[in-house]
There are 2 protein chains.
Amino acid sequence: MKTDLRVMKTKEALQEALLTLLKNKPLELISISELCRKAKVNRGTFYFHYGQIEDLYEDYFREIMRDLANCYQEPYRHVVKLKTSELDPKTIKVFHHIEKYKPFYRIVFSKNMPLTYYYLLFEEIKNLFTKDREVNYQVDNTINSEYFSSYQANAILGMIIQWSMNDFKQPASFLNEQLVKIINLEV
Amino acid sequence: MKTDLRVMKTKEALQEALLTLLKNKPLELISISELCRKAKVNRGTFYFHYGQIEDLYEDYFREIMRDLANCYQEPYRHVVKLKTSELDPKTIKVFHHIEKYKPFYRIVFSKNMPLTYYYLLFEEIKNLFTKDREVNYQVDNTINSEYFSSYQANAILGMIIQWSMNDFKQPASFLNEQLVKIINLEV
DNA sequence: TAATTTATAGAACAGCTGTATAATATTTAG
DNA sequence: CTAAATATTATACAGCTGTTCTATAAATTA
């Protein structure tokens, strides 16, 4: 029981229409009606597959998340045991990933976007931290690892939020340097 | 030129109607029409003052932010020079503040809420960190203080996000302990 | 290929949105 | 207290939303 060809065709049409419309206006200003007109898909059909435009956007989102996962794994391909103090800024690729998909993240971090996307991003980065810790080192076992990952992941997201507020003006390399300095800071 | 009495009356009516409606359904399900019917205010009048329901909600929001500011300042009333390693978990009050306004924050952190509120919270906490640093200690001056504050503020928000995902089950004191442990962790 | 399943189109409906205008009521300022 | 300023109401309108229904087209399966 494979995916129905009709469904694929419909979804592709909607995807493409969305990306086209996104070139001219932000996500929150695109109506379902407009999208369907553009895609030549009946509005009822849209509702058959999705609930809101955001759900459609999510497909695109997940694709980019895959790229993020790859980017983040990067440092571990070079160094076996990771000590932050010797971590080369260049080996962290998260900020470069963001820079690469700048127009996309501009949307994700815009004020009107629902928290959903932020949470997806959060979960993605959190998982990477959790995985990292399992592989590379142990911490004080009275520390709850769920909260620890959340702390770390969102700290980085904090820098990214700030970066987006600065309209991504600084180069990714600058963010990297700052991150390494902050992590190595004695408290 | 004081605030027009009519305006005050209208805004109060809308505020009250909103809080009433919020008892039965989440913010995103409350329509402007419904709100105005409840408040006995003309829909046009609503648009005269606000753009969306969220703008109305923001008044309420700012009130709670004031409480947060007070809570956070708390530790500095006891200790003059703050060293995290000796910071008593009990002296940090942020988590208690969240716990106190649990129903409110449940809304703020729900998936459909726009990022706006998150950003307001973020700015609030960030400012407190910035102020703290100005008063209490200096850091490596090659570290950009804007990004450093963002890192720290959002790290705490990360724990709060996780907490909200756990439906605020753990007591605030647990979050406090975890935070102190994490901060004092040698990297 | 034929029968069955399932996606899509088209149309209709009540309710919401955002905007605009004119008439009216309330408030403020002189 | 009066005149000017301004907030509120009532009404209307085009367009969007979410849902439901029937007929039709397309794909899967046996």
Side-chain angles (χ1 to χ4, degrees), chain A residues 1-61 107 110-117, chain B residues 1-61 107 110-117:
Chain A
M1 188 174 68
K2 313 178 76 177
T3 323
D4 197 310
L5 291 181
R6 290 168 295 185
V7 176
M8 290 178 61
K9 222 175 84 179
T10 300
K11 290 196 171 183
E12 276 165 22
L14 288 170
Q15 286 286 351
E16 198 190 320
L18 179 61
L19 292 185
T20 307
L21 291 175
L22 275 174
K23 285 174 189 161
N24 299 317
K25 56 170 88 180
L27 192 69
E28 66 266 25
L29 291 184
I30 299 173
S31 71
I32 293 174
S33 300
E34 184 182 15
L35 179 76
C36 291
R37 274 194 301 272
K38 188 72 148 192
K40 295 190 204 308
V41 164
N42 189 277
R43 203 159 54 84
T45 307
F46 173 91
Y47 283 108
F48 187 71
H49 294 294
Y50 306 99
Q52 356 165 27
I53 297 217
E54 278 78 11
D55 299 335
L56 172 60
Y57 190 66
E58 210 164 303
D59 293 346
Y60 181 38
F61 196 93
I107 297 173
S110 63
K111 289 188 171 187
N112 286 55
M113 285 297 270
L115 274 173
T116 322
Y117 302 106
Chain B
M1 189 174 70
K2 312 177 77 177
T3 323
D4 197 311
L5 293 179
R6 291 168 293 187
V7 177
M8 289 176 62
K9 224 175 83 180
T10 300
K11 290 196 172 182
E12 276 165 22
L14 288 170
Q15 284 287 350
E16 198 191 319
L18 180 60
L19 292 186
T20 307
L21 290 175
L22 276 174
K23 285 174 189 162
N24 299 316
K25 55 170 90 179
L27 192 69
E28 66 265 24
L29 290 185
I30 299 173
S31 72
I32 294 174
S33 299
E34 184 183 14
L35 179 75
C36 292
R37 273 195 301 273
K38 188 73 148 191
K40 294 189 203 310
V41 164
N42 189 277
R43 202 158 55 83
T45 307
F46 174 90
Y47 283 110
F48 187 71
H49 294 294
Y50 306 98
Q52 353 166 28
I53 297 218
E54 278 76 14
D55 300 334
L56 172 61
Y57 190 65
E58 210 164 301
D59 295 344
Y60 180 39
F61 196 93
I107 296 173
S110 63
K111 289 188 171 186
N112 285 57
M113 285 297 269
L115 274 174
T116 322
Y117 302 107

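Computation of the quantities below employed the complete heavy-atom set of this structure, encompassing side-chain atoms and omitting hydrogens, waters and symmetry-equivalent molecules. The chains referred to below are lettered A, B, ... by the order of the sequence lines, with proteins before strands, and numbering in each begins at 1.
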Take atom [atom1] of [X] and atom [atom2] of [N], then tell me their distance rounded to the nearest Å.
X     : N      : atom1 : atom2 : result
B/Y50 : C/dT17 : OH    : C1'   : 19 Å
B/Q52 : C/dC16 : CD    : C1'   : 15 Å
A/I32 : C/dC16 : CD1   : C1'   : 14 Å
A/R37 : C/dT8  : CZ    : P     : 19 Å
B/I53 : C/dC16 : CD1   : C1'   : 11 Å
B/I30 : C/dG15 : CD1   : C1'   : 17 Å
A/E28 : C/dG18 : CD    : P     : 12 Å

Between A/D55 and A/Q52 (side chain of the first, backbone of the second, donor and acceptor by atom type, cut-off under 3.5 Å), is there such a pair?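 Judged by distance alone, yes, a pair lies under 3.5 Å.
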Would a distance-only check, ignoring hydrogens and angles, find a side-chain to backbone donor-acceptor pair under 3.5 Å from B/Y117 to B/E54?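 Judged by distance alone, yes, a pair lies under 3.5 Å.
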Would you say a side-chain N or O of A/R43 is under 4.0 Å from OP1 or OP2 of C/dA12?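 No, because none of the side-chain N or O atoms of A/R43 sits under 4.0 Å from OP1 or OP2 of C/dA12.
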Compare side-chain N and O positions of A/S33 against OP1 and OP2 of D/dT17 and report whether any pair is under 4.0 Å apart.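 A/S33 to D/dT17 OP1/OP2: side-chain N or O found under 4.0 Å.
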Going 5' to 3' through nucleotides 2-8 of chain D and flagging B where a protein heavy-atom sits under 4.0 Å of the base, S where only the sugar-phosphate is that close, and - otherwise, we get ----BBS
Relative to the ring of A/Y60, is the ring of A/Y57 parallel (under 30°), tilted (30 to 60°) or perpendicular (over 60°)?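 The rings of A/Y57 and A/Y60 stand perpendicular, inter-plane angle above 60°.
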For the residue pair B/P114 and A/K111, what are the closest heavy atoms and their distance?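 Of all heavy-atom pairs spanning B/P114 and A/K111, the closest is CB-O, 3.5 Å.
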Step by step, would you call B/L18 with B/L14 a side chain to side chain contact (heavy atoms under 4.5 Å, CB included)? CA-CA 6 Å; B/L18 180 60; B/L14 288 170; over 6 Å; no
Looking at B/K25 and B/E34, does any basic side-chain N land under 4.0 Å from a carboxylate oxygen?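 Between B/E34 and B/K25 there is a salt bridge, with a charged N closer than 4.0 Å to a carboxylate O.
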